[in-house]
2 protein chains.
Amino acid sequence: MSSTPSFSPLYQQIKALILQSLQAGEWKPAEPIPSEMELAARFHVSQGTVRKAIDELAAENLVVRRQGKGTFVATHAEQHVQYRFLKLVPDSGSLDSEGPAERTIVDCKRLRAAADVARALSLRTGDAVLQVRRVLAYGGVPTILEDLWLPGSPFKGLTAERLAGWRGPMYSLFEAEFGVRMVRAEEKIRAVLPDTAQAALLRVTSATPLLSVERVAHTYQDVPMELRRGLYRTDTHHYRNELG
Amino acid sequence: MSSTPSFSPLYQQIKALILQSLQAGEWKPAEPIPSEMELAARFHVSQGTVRKAIDELAAENLVVRRQGKGTFVATHAEQHVQYRFLKLVPDSGSLDSEGPAERTIVDCKRLRAAADVARALSLRTGDAVLQVRRVLAYGGVPTILEDLWLPGSPFKGLTAERLAGWRGPMYSLFEAEFGVRMVRAEEKIRAVLPDTAQAALLRVTSATPLLSVERVAHTYQDVPMELRRGLYRTDTHHYRNELG
DNA sequence: CAGTGGTCTAGACCACTGG
DNA sequence: CAGTGGTCTAGACCACTGC
């Protein structure tokens, strides 16, 4: 029924079209997308086909279904759990018994990308990047030290003040202020010892083993938009993972 | 159309019924389950309803769909990738460029469960458990040291010889010889320093930070059936995780 | 070729939300 | 109440597998 050429299941084509609209910003984060009926009419397919397309988008966390209300563009802000990508949890503390993290921006500057940073972000060595270093503390105990690198152009105008003044997850600032939506990420985890600067910021000795978590976060189309190197203290917290 | 009482969507009830059959061993690992049409007839529902039930089972990796052939009971054996639950990968090596692990059983004995082990396995302190210690090496380099605890009764008859003689993943031995199918697991990851015995087995100094991975693996109904504490060297490998 | 899972449709009805 | 997503059905046809 659709006029789209090529061959793949219809619902995949519909999914791709919806994805384009999401990416183009036709609907803003946390806003509803058109109803299944409307989309079915727009694309000249049955509601069931639209449904299957949206089912996949929902499974990939790009969109959130809410019965009786509609389907909404996913966001890192009002996410039922904040910090969607952070898997570090307190050892004993039940659920979110732990208050919000106390955040401190240690450093924030523009510089030219080193080779490894450039490669991770699909830039060329020497391209402008923004580097941020911050510490997250829980109950006064510094627990996470993060260095992160962002490509210069999409994040033009991002400053330490902007970061420090923001309430809520950093990724929701990226969405609201720069239109950059992180959709998927991959992490490489190692055990390391901190250098003296790192040890000082986390208030541990340099003989304390720490979790090194290197994350590359991607927007749509698997475009890498952030490199983040975290050092996690694991004496009071642990990295929690589910295996299916 | 179904006669099952209570209220939940029909396809959920069907899913539960199929799950019961899986659990009861009506169909063995790697064997096909009845076709959608047959199941629809058996349960007096439409094929579409069975389909949705099976879709969920497939999403949970309990079952594998193969177009034109049928739907098969998932197994840890012929899994397209072996070691379904092992997320440690070589740093540079592309995919499975790395040969199979060289496995060494260091120890295997029956003893009474300590409090922490008992709690993880939902046993009582002092209940019989089997404890195994083994080392996995890649290219002659010992990389993983694992201690694991299994509840005594389901694994009656498991010996070091049985383990050492088995080709393929340990979980596929559990399936084939003891009818125990691990379906889900959760891991708690920390950075630690090894004690002297651990350091010796991995041939590192006791100042080498290692990844501590504590896994609890569950069968059907979320019954815990294995506690596994792994120490991973992360100088040549890393723990890889995907975040959706 | 027959049998399997995979797609697509059209229509009915249910459950939840909000005005 | 009307509008949304969620379930269920029945039937047609497609794509892949193996005999």
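Chain letters run A, B, ... following the sequence lines, proteins first and then strands; every chain starts at 1. Hydrogens, waters and symmetry mates play no part in the numbers below; they use all other heavy atoms, side chains included. Remember, predicted model here, so these are calculated numbers, not experimental data.
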Side chain of [X], heavy atoms from C-beta onward: which of [options] has the nearest atom to it?
X        : options                 : value
Gln67(B) : dT9(D), dC8(C), dG5(C)  : dG5(C)
Tyr11(A) : dT9(C), dT7(C), dC16(D) : dT7(C)
Val45(B) : dT7(D), dT9(D), dT9(C)  : dT9(D)

Please report, rounded to the nearest Å, how far the [atom2] atom of [N] is from the [atom1] atom of [X].
X        : N       : atom1 : atom2 : answer
Lys15(B) : dC8(D)  : NZ    : C1'   : 18 Å
Leu10(A) : dA12(D) : CG    : C1'   : 15 Å
Gln47(A) : dG5(D)  : CD    : P     : 8 Å
His44(A) : dT9(C)  : NE2   : P     : 12 Å
Ile14(B) : dT7(D)  : CD1   : C1'   : 13 Å
Met37(A) : dT4(D)  : CE    : P     : 8 Å
Asp55(B) : dG6(D)  : CG    : P     : 15 Å
Gln12(B) : dA15(C) : CD    : C1'   : 15 Å

Charged N to carboxylate O under 4.0 angstrom, [X] versus [Y]?
X         : Y         : value
Lys28(A)  : Glu175(A) : no
Asp222(B) : Arg184(B) : yes
Glu26(A)  : Arg42(A)  : yes

Worksheet item: Is there a Watson-Crick or G-U wobble partner for dT17(C) with both distances under 3.5 Å, and if so, which one is it?
Response: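 For dT17(C), the partner nucleotide comes out as dA2(D), under the 3.5 Å rule.
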
Item to complete: Using Watson-Crick or G-U wobble geometry with both distances below 3.5 Å, tell me the partner of dT9(C), or none.
Response: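 The answer is dA10(D), by the H-bond criterion.
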
Less than 4.0 angstrom between a side-chain N/O of [X] and OP1 or OP2 of [N], yes or no?
X        : N      : result
Thr71(A) : dG5(D) : yes
Arg65(B) : dG6(C) : yes
Lys52(A) : dT7(C) : yes

Discussion item. At 4.0 Å (heavy atoms only), tell me whether Glu36(A) reaches a base, stays on the sugar-phosphate, or touches nothing.
Written reply: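 Sugar-phosphate: the residue Glu36(A), judged by heavy atoms under 4.0 Å, touches backbone atoms but no base.
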
Practice prompt. With heavy atoms under 4.0 Å as the rule, sort Arg51(B) into base, sugar-phosphate or nothing.
Written response: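 If one applies the 4.0 Å heavy-atom cut-off, Arg51(B) turns out to touch a base.
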
Worksheet item: Mapping Ser35(B) and Gly48(A) onto DNA chain C by nearest heavy atom, which one lands closer to the 5' end?
Response: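 Its nucleotide being nearer the 5' end, the pick is Ser35(B).
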
Item to complete: Name the residue closer to the 5' end of DNA chain C, choosing between Ser46(A) and Lys69(B) according to the nucleotide with the nearest heavy atom.
Response: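 With Ser46(A) and Lys69(B) compared, the 5'-side residue is Lys69(B).
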
Practice prompt. Rounded to the nearest 0.5 Å, what's the gap from CG on Leu130(A) to CG on Leu158(A)? Could you check?
Written response: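 It comes to 5.0 Å.
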
Practice prompt. Measure up the Tyr171(B) and His76(B) rings against each other and bin them: parallel (under 30°), tilted (30 to 60°), perpendicular (over 60°).
Written response: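 Ring orientation, 0 to 90° scale: perpendicular.
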
